[in-house]
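Here's the structure, in structure tokens; my notes come after.
None of these values were measured; they are calculated from a predicted model.
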Amino acid sequence: TAGNCAVCHEKFMESWKSGPHGTAMIDPVFNQAWTSQGKPGACLICHTTGYDPVSGTWAAEGIACEACHNPIPANHPNDPMPVEKSTDLCGTCHSDTRFGWREWKVSAHYQRNMTCSVCHDPHSAKLKTMPNTRSQNTSESASELCINCHREYAMNFSYSSHHKQGVSCVDCHLRHLELDNREAHAAPDHSFNANLSTCNICHQDQMHGASDESV
């Protein structure tokens, strides 16, 4: 059962308990917003596991192990746990434009069947970093993930003016990563498309005049 997972998986459970999945029900930002709206049951579909709207009860607080590892084999641990890695599972909660699902579905990453866990640790829900990360800067360390697949672009980029000014991949291709105080359901643009709005962050004084954003 979920309560016994820590017996064998203490490392994973520790990172899960301190991450947004493990704290989805007790997070103070969520609780404040949830209470101010009258504690609607619809929120608990994503902030608990196994929520039953008829009875108003749930199997576990937060996004528990069985949300992704289900059903539990009767003979576990002799029989391995199933693992659901599809982006569609993540999309049951990270679904609408607040979470960037629409942008993600039009991305080249989605079209090539990349899963969320390629870049995100599924237990801590944090962005993965490379083991030999050279920088403590969030955007630079995140950009090292890009190099795993985009080595050709990375080789050319290292000689560019942007690189010399300290600009990294995610500064242009994953907007809003730098915002620590964004709204609860906001998420970076996962289309990974650089656009005029991205350029304006640094080059707003160099533009000829006001213009609408274009992708």
Side-chain angles (χ1 to χ4, degrees), residues 1-27 29-30 34 40-131 142 144-146 148-149 170 174 177 184-192:
T1 62
N4 294 329
C5 297
V7 174
C8 297
H9 304 288
E10 182 178 0
K11 177 182 178 182
F12 293 124
M13 291 296 291
E14 285 300 316
S15 62
W16 169 82
K17 285 192 297 184
S18 60
H21 286 163
T23 61
M25 186 64 178
I26 62 175
D27 178 72
V29 175
F30 162 71
W34 186 47
C43 299
L44 301 182
I45 295 173
C46 292
H47 285 266
T48 66
T49 300
Y51 176 68
D52 180 4
V54 176
S55 63
T57 60
W58 51 88
E61 292 188 352
I63 312 305
C65 304
E66 56 264 43
C68 301
H69 302 277
N70 194 49
I72 301 174
N75 198 33
H76 185 71
N78 291 330
D79 292 333
M81 291 288 286
V83 183
E84 174 59 79
K85 297 182 178 181
S86 73
T87 57
D88 289 336
L89 175 65
C90 303
T92 57
C93 287
H94 301 277
S95 55
D96 53 33
T97 54
R98 291 177 302 174
F99 297 103
W101 182 254
R102 184 173 63 181
E103 288 81 8
W104 164 245
K105 290 200 75 171
V106 301
S107 71
H109 289 163
Y110 180 87
Q111 301 302 323
R112 285 165 173 76
N113 296 318
M114 279 181 60
T115 62
C116 304
S117 59
V118 171
C119 296
H120 297 274
D121 184 294
H123 296 102
S124 68
K126 295 180 179 178
L127 190 68
K128 293 178 179 179
T129 55
M130 299 300 294
E144 293 203 1
L145 287 172
C146 307
N148 284 325
C149 297
V170 298
L174 196 61
L177 188 69
H185 290 143
D189 180 353
H190 277 69
S191 69
F192 297 95

ask   = Do you know the tightest heavy-atom contact between H47 and A24?
value = ND1-O, 2.6 Å
key: Rounded distance [0.5 Å steps], SG in C5 versus NE2 in H69   = 8.0 Å
message = Return the CD to NZ distance between Q111 and K105, rounded to the nearest 0.5 Å.
response = 9.0 Å
note = One should read off an interatomic distance between D52 CG and L44 CG, to the nearest 0.5 angstrom, of 11.5 Å
request  = Side-chain contact test, heavy atoms from C-beta onward, threshold under 4.5 Å: evaluate it for L127 versus C119 and give yes or no.
outcome  = yes
request  = Identify the two heavy atoms, one from T48 and one from M25, that lie closest to each other, and give their separation to 0.1 Å.
outcome  = CG2-SD, 3.8 Å
inquiry  = I'd like to know whether N148 forms a side-chain contact (heavy atoms from CB on, under 4.5 Å) with V118, so could you lay out the CA-CA distance, the side-chain angles of the two residues, the decisive distance to 0.1 Å, and finally the verdict.
reply    = CA-CA 11 Å; N148 284 325; V118 171; over 6 Å; no
request  = Can you label the angle between the W34 ring and the F30 ring as parallel, tilted or perpendicular, going by 30° and 60°?
outcome  = parallel
note = NZ (K128) and NE2 (H120) are apart, to the nearest 0.5 Å, by 9.5 Å
Heavy-atom closest pair, residues H76 and I72 = CB-CG2, 4.5 Å
ask   = Taking the side chain from T49 and the backbone from A64, do they hold a donor-acceptor pair closer than 3.5 Å?
value = yes
ask   = Looking at A6 and M13, what are the two nearest heavy atoms and their distance?
value = CA-CG, 3.6 Å
query = Rounded to the nearest 0.5 Å, how far apart are SG of C46 and CD1 of I63?
reply = 6.5 Å
query = So do the side chains of F12 and E14 get within less than 4.5 Å of each other, counting heavy atoms only?
reply = no
query = Could you state the interatomic distance from OH (Y110) to CD (E103), rounded to the nearest 0.5 Å?
reply = 13.5 Å
Side chain H123, main chain W16, donor-acceptor under 3.5 Å = no
key: Which atom of H21 lies closest to which atom of P122, heavy atoms considered   = ND1-O, 3.6 Å
message = Would you say that P20 contacts D27 through its side chain, given a criterion of any heavy-atom pair below 4.5 Å between the two side chains?
response = no
key: Closest heavy-atom pair and its distance - I45, C93   = O-SG, 4.4 Å
